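Heads up, the thing below is written out as structure tokens.
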2 protein chains.
Amino acid sequence: MKTSKQSILRLFQYRDFLIRLKNINTVNVFSDNLAKDIGTTSIQVRKDFSLFRLSGNKKAGYKVSNLLKQLDELLGKNKKQKVVIVGAGNIGKALMQYDGFYKEGLEIAALFDYDRRKYNHKNNPPVLPIEDLFKFVSSNNVKIGIIAVPCKAAQQVLDLMISAGIKGAMNFAPIPLKSPKNFYINNINLRVELESVVYYTQM
Amino acid sequence: MKTSKQSILRLFQYRDFLIRLKNINTVNVFSDNLAKDIGTTSIQVRKDFSLFRLSGNKKAGYKVSNLLKQLDELLGKNKKQKVVIVGAGNIGKALMQYDGFYKEGLEIAALFDYDRRKYNHKNNPPVLPIEDLFKFVSSNNVKIGIIAVPCKAAQQVLDLMISAGIKGAMNFAPIPLKSPKNFYINNINLRVELESVVYYTQM
DNA sequence: ATACTTTTGTGATTTTTTTCACATAAAAAA
DNA sequence: TTTTTTATGTGAAAAAAATCACAAAAGTAT
Ligand SMILES: NC(=O)c1ccc[n+]([C@@H]2O[C@H](COP(=O)([O-])OP(=O)(O)OC[C@H]3O[C@@H](n4cnc5c(N)ncnc54)[C@H](O)[C@@H]3O)[C@@H](O)[C@H]2O)c1
Ligand SMILES: NC(=O)c1ccc[n+]([C@@H]2O[C@H](COP(=O)([O-])OP(=O)(O)OC[C@H]3O[C@@H](n4cnc5c(N)ncnc54)[C@H](O)[C@@H]3O)[C@@H](O)[C@H]2O)c1
């Protein structure tokens with residue numbers, strides 16, 4: 001494929017590093033620096049760039065700000081994105097309080113829960129009743145959702161998101177969810193990630 | 001490769017489904033059921049099993065309890081694992097309160113922080129001073145760690161873990177960490193995961 | 001008992017991803 | 001200026017992963 005899934009993930013990582021470089025006023029960077037940072041090879045870096053027609057200068061590497069601009073364009077980082085979280089529990093609240101999203105144009109617009117004890121209309125972002133999700137999502141044109149509810153509620157929450165017009169979701173519930181083909185879902189299974197650490201540690 | 005990385009991750013997912021099946025007293029399962037559940041094909045399932053010499057019965061599929069037993073063995077799920085978390089902040093506390101780990105033999109033995117306001121010796125698991133990590137890890141024979149501290153502290157925390165005898169870690173800090181080759185590190189970058197949802201949603 | 005159907009198991013094939021090999025350009029040195 | 005050194009860029013090759021194609025077994029129907 002021209003645009004491989006793996007490459008895209010790496011492009012986001014290169015971008016991260018470039019932002020750090022920019023913050024310390026670094027002007028130039030080599031494929032080798034990028035490779036070291038994300039833990040791959042310079043060949044892989046250049047191949048990724050080649051795939052997306054990102055080019056630098058022979059012998060002189062890449063201009064940080066220029067490359068960053070091109071990556072922003074490519075990865076759609078020029079427009080801000082509103083995100084809603086359903087489930088104001090442990091994970092939902094942790095994500096809500098994380099400032100790293102906002103910095104990257106990801107605005108947690110609101111959380112939703114069905115437990116009235118979690119409601120907090122004055123908080124920023126507010127924690128609202130799940131009944132308000134449909135209206136909120138459609139009137140605020142939200143396209144991205146995060147599912148942070150227990151397994152048994154996950155499918156119904158996803159269905160609600162889809163009906164409200166959300167187009168993609170990150171799901172923390174460790175259960176497979178059904179969604180239409182034009183909906184993108186990214187399942188995060190932290191337990192399996194930890195279990196795999198145990199596995200590879202024992203090898 | 002005989003034991004592919006992708007296959008291993010899927011084996012953990014198959015195992016999850018099998019546990020759910022066992023809980024509802026299902027005796028038999030077909031490769032197709034397993035495939036549907038984790039979102040792959042039956043061919044992939046059988047190929048994964050073939051790779052690890054897991055076999056079933058023609059026409060009759062697999063015995064849930066038998067397959068589960070073999071997977072437990074293969075994935076090293078027969079012995080419990082102690083895990084320590086460094087950083088008792090948003091992520092650290094969310095993981096601490098998650099009961100899904102303990103159920104799968106992953107015991108959060110303790111959390112560590114450098115902020116004395118976080119300490120809680122009486123909690124289960126306790127939140128202890130970072131200075132106690134070395135002793136705790138070596139005397140409790142802990143092999144797995146979770147890094148849930150800010151970026152700027154992540155490398156020093158990892159170094160401390162390694163010196164204390166930890167062999168593998170799950171890292172939430174979105175920064176590359178240096179570790180020896182015999183140390184396994186699984187980097188979880190939730191922002192990139194969310195950004196990729198945005199990317200694919202816009203395609 | 002025989003034919004039919006369904007499902008596993010795996011070698012062969014295809015696709016995807018990574019790595020190699022080297023041409024090419026530009027800066028630095030001679 | 002000419003040579004040398006050091007990067008990039010990309011087709012070709014290799015490796016890894018997924019899919020195909022079909023044989024073989026075992027259950028069900030006739
Ligand atoms: N906490 C962790 O570290 C962790 C780790 C791995 C996976 N997960 C998964 O992430 C998900 C959330 O975990 P958590 O620890 O935050 O759970 P939690 O119990 O702390 O929070 C869940 C929240 O969802 C709300 N909720 C339940 N049903 C709802 C519904 N139908 N509509 C709206 N809100 C509803 C609850 O009121 C609660 O506030 C779970 O599926 C869990 O398996 C969590
Ligand atoms: N919260 C999220 O949703 C989220 C999302 C993506 C990534 N992350 C990453 O996960 C990590 C933790 O995030 P968080 O939101 O839990 O942060 P946090 O600030 O809530 O918690 C960090 C904790 O680490 C402790 N700490 C700091 N330096 C330490 C040190 N040297 N030794 C021991 N303890 C130390 C602090 O006292 C604090 O309790 C960060 O690297 C963050 O970038 C978090």
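Chain A is the first sequence line, chain B the second, and so forth, proteins listed ahead of strands; every chain is numbered from 1. Just so we're clear, the structure is a prediction, and the values are computed from it rather than from any experiment.
- Note that the two end axes of the helix from C:dA1-D:dT30 to C:dA30-D:dT1 enclose an angle of 0°, each drawn from 5 base pairs, rounded to 10 degrees.
- Note on ring orientation: taking the six-membered ring where Trp is involved, the planes of B:Tyr200 and A:Tyr184 are parallel (angle under 30°, cut-offs 30° and 60°).
- The interatomic distance linking A:Leu9 (CG) with C:dT16 (P) rounds to 17 Å, in whole Å.
- Judged purely by atom type and a 3.5 angstrom limit, A:Asn140 uses its side chain to pair as donor or acceptor with the backbone of A:Phe136.
- Donor-acceptor pairing under 3.5 Å, judged by distance alone, is absent between the side chain of A:Lys47 and the base of C:dT18.
- OP1 or OP2 of C:dT17 has not a single side-chain nitrogen or oxygen of A:Arg10 nearer than 4.0 Å.
- Straight-line distance from the CD atom of B:Gln44 to the P atom of C:dT16: 14 Å, rounded to whole Å.
- Place A:Thr40 and B:Ile43 on DNA chain C by their nearest nucleotides, and B:Ile43 ends up nearer the 5' end.
- Rounding to whole angstrom units, CG of residue A:Asp48 and C1' of C:dT16 are separated by 13 Å.
- Using cut-offs of 30° and 60° for the angle between ring planes, the A:Tyr199 and B:Phe12 rings count as perpendicular.
- Remark: P of D:dA16 and CG of B:Leu51 are 12 Å apart, rounded to the nearest angstrom.
- If you check D:dT10, D:dA24, D:dG9 against the side chain of A:Ser50, the one that comes closest is D:dT10.
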task = Let me see the working for B:Gln70 and B:Arg53 under side-chain contact (heavy atoms from CB on, under 4.5 Å), right down to the final yes or no.
result = CA-CA 10 Å; B:Gln70 291 184 74; B:Arg53 300 271 176 280; over 6 Å; no
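- OP1 or OP2 of C:dT16 has not a single side-chain nitrogen or oxygen of A:Gln6 nearer than 4.0 Å.
- One interatomic measurement links the two molecules: NZ of B:Lys58 to P of C:dG9, which rounds to 7 Å at whole-angstrom precision.
- Near DNA chain C, meaning a heavy atom under 4.0 Å away, the residues from residues 59-68 of chain B are B:Lys59, B:Gly61, B:Tyr62.
- With salt bridges taken as basic N to acidic carboxylate O contacts below 4.0 Å, none links A:Arg20 and A:Asp16.
- If you check every strand for non-hydrogen atoms under 4.0 Å, B:Ser55 touches sugar and phosphate atoms only.
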request  = Check the pair A:Lys82, A:Asn141 against side-chain hydrogen bond (donor to acceptor under 3.5 Å, both in side chains), reporting the backbone distance first and the verdict last.
outcome  = CA-CA 8 Å; A:Lys82 286 184 182 164; A:Asn141 197 32; over 6 Å; no
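- Salt bridge B:Arg191/B:Glu195: present, at least one basic N to carboxylate O contact under 4.0 Å.
- The side chain of A:Arg46 contributes no N or O atom lying less than 4.0 Å from OP1 or OP2 of D:dG9.
- Listed by residue number, there are no residues of residues 24-39 of chain A with a heavy-atom contact under 4.0 Å to DNA chain C.
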